[in-house]
Amino acid sequence: MSTDIYDVIHRRRDVRGEFTGAPIADETLARILTAAHAAPSVGLSQPWDFVIVADVAVRRAFHEHVQTERDAFAATLTGAVADRFARIKIDGVLESSVSIVVTYDPERGGPAVLGRHAIADAGLYSVCLAIQNLWLAATAEELGVGWVSFYREPFLRELLGIPAGIRPVAWLCLGPLTHLEAVPDLERHGWRTRRPLDAAVHHDRW
Ligand SMILES: Cc1cc2nc3c(=O)[nH]c(=O)nc-3n(C[C@H](O)[C@H](O)[C@H](O)COP(=O)(O)O)c2cc1C
């Protein structure tokens with residue numbers, strides 16, 4: 001296990017093609033979920049829930065839906081960009097060991113969520129922080145995580161019986177892997193390159 005925070009941050013990758021499918025020990029999964037649950041949240045609302053999806057039939061059904069959405073996106077592309085996208089793997093739903101769906105409950109901690117009165121999205125930001133904690137903890141545990149967003153929320157709500165009003169935020173594939181790539185997949189496939197930090201830092205005004 002690697003626990004140096006900067007090392008973990010820089011080793012973390014979005015994993016799609018390197019999952020082995022080997023099982024995850026219960027204690028390891030518990031440590032990762034405990035890390036996710038330790039995230040900061042607006043008004044201490046902790047508006048997240050985690051649905052652990054091990055059922056292969058459910059994952060297969062989700063994967064079919066992802067393929068449909070992949071095709072829908074591919075249909076918007078032409079020429080060299082379409083060719084490039086065709087070579088990119090966008091999920092490891094079937095190859096990973098388990099999936100974790102992270103949801104957002106806007107009612108949690110209400111009606112007066114301290115700090116959210118002016119920025120409704122602060123609840124959603126909190127869920128994303130739990131996801132990042134999960135991602136970094138998994139990386140420290142030598143496991144891979146892949147975020148899949150090629151889905152429609154109503155489909156996923158129906159598939160997992162997520163109550164009305166609760167929003168699925170992420171489908172995360174999780175599991176042991178052969179290796180972590182040093183460079184993001186999208187960069188390796190020539191889709192995009194990373195922006196230098198200098199271009200993102202502003203001083204005093206935008
Ligand atoms: C909100 C969000 C949604 C994403 N959805 C997908 C996805 O559907 N499929 C995929 O292959 N990667 C997805 N990714 C991963 C990004 O492509 C990846 O984070 C980015 O290319 C940088 O690579 P790295 O995470 O390995 O540093 C998603 C990432 C985020 C944060």
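Aromatic pair Tyr151/His65: ring centres not closer than 6.0 Å.
To the nearest 0.5 Å, atom CG of residue Asp55 and atom CG of residue Leu159 are 9.0 Å apart. Remark: Leu160 CG to Glu158 CD distance equals 10.0 Å, nearest 0.5 Å. To the nearest 0.5 angstrom, Glu141 atom CD is 10.0 Å from Leu29 atom CG. Note: Leu180 CG to Leu177 CG = 5.0 Å, rounded to the nearest 0.5 Å. If you take SG on Cys128 and CH2 on Trp147, they are separated by 4.5 Å, rounding to the nearest 0.5 Å. Atom-to-atom distance recorded for Phe150:CZ and Trp171:CH2 is 15.5 Å, nearest 0.5 angstrom.
Ion pair Arg108/Asp49 flagged as a salt bridge, since at least one NZ, NE, NH1 or NH2 atom sits closer than 4.0 Å to an Asp/Glu carboxylate oxygen. Contact check on Glu69 versus Arg152 returns a salt bridge, with a Lys/Arg side-chain nitrogen under 4.0 Å from an Asp/Glu carboxylate oxygen. Between Arg16 and Asp14 there is a salt bridge, since at least one side-chain N of the basic residue sits less than 4.0 Å from a carboxylate O of the acidic one.
Side-chain contact between Val8 and Asp4 is absent, with no heavy-atom pair separated by less than 4.5 Å. The closest side-chain heavy-atom distance from Arg31 to Thr28 is below 4.5 Å.
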Original post:
Does the pair Ile24 and Ser97 meet the rule for a side chain to side chain contact (heavy atoms under 4.5 Å, CB included), with working shown?
Top reply: CA-CA 7 Å; Ile24 304 170; Ser97 311; 4.0 Å; yes
Subject >> Criterion side chain to side chain contact (heavy atoms under 4.5 Å, CB included) on Cys173 and Arg59, from CA distance to verdict >> reply: CA-CA 10 Å; Cys173 302; Arg59 284 157 59 193; over 6 Å; no
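Checking side-chain atoms of Arg60 against main-chain N and O of Leu94 turns up no donor-acceptor pair under 3.5 Å.
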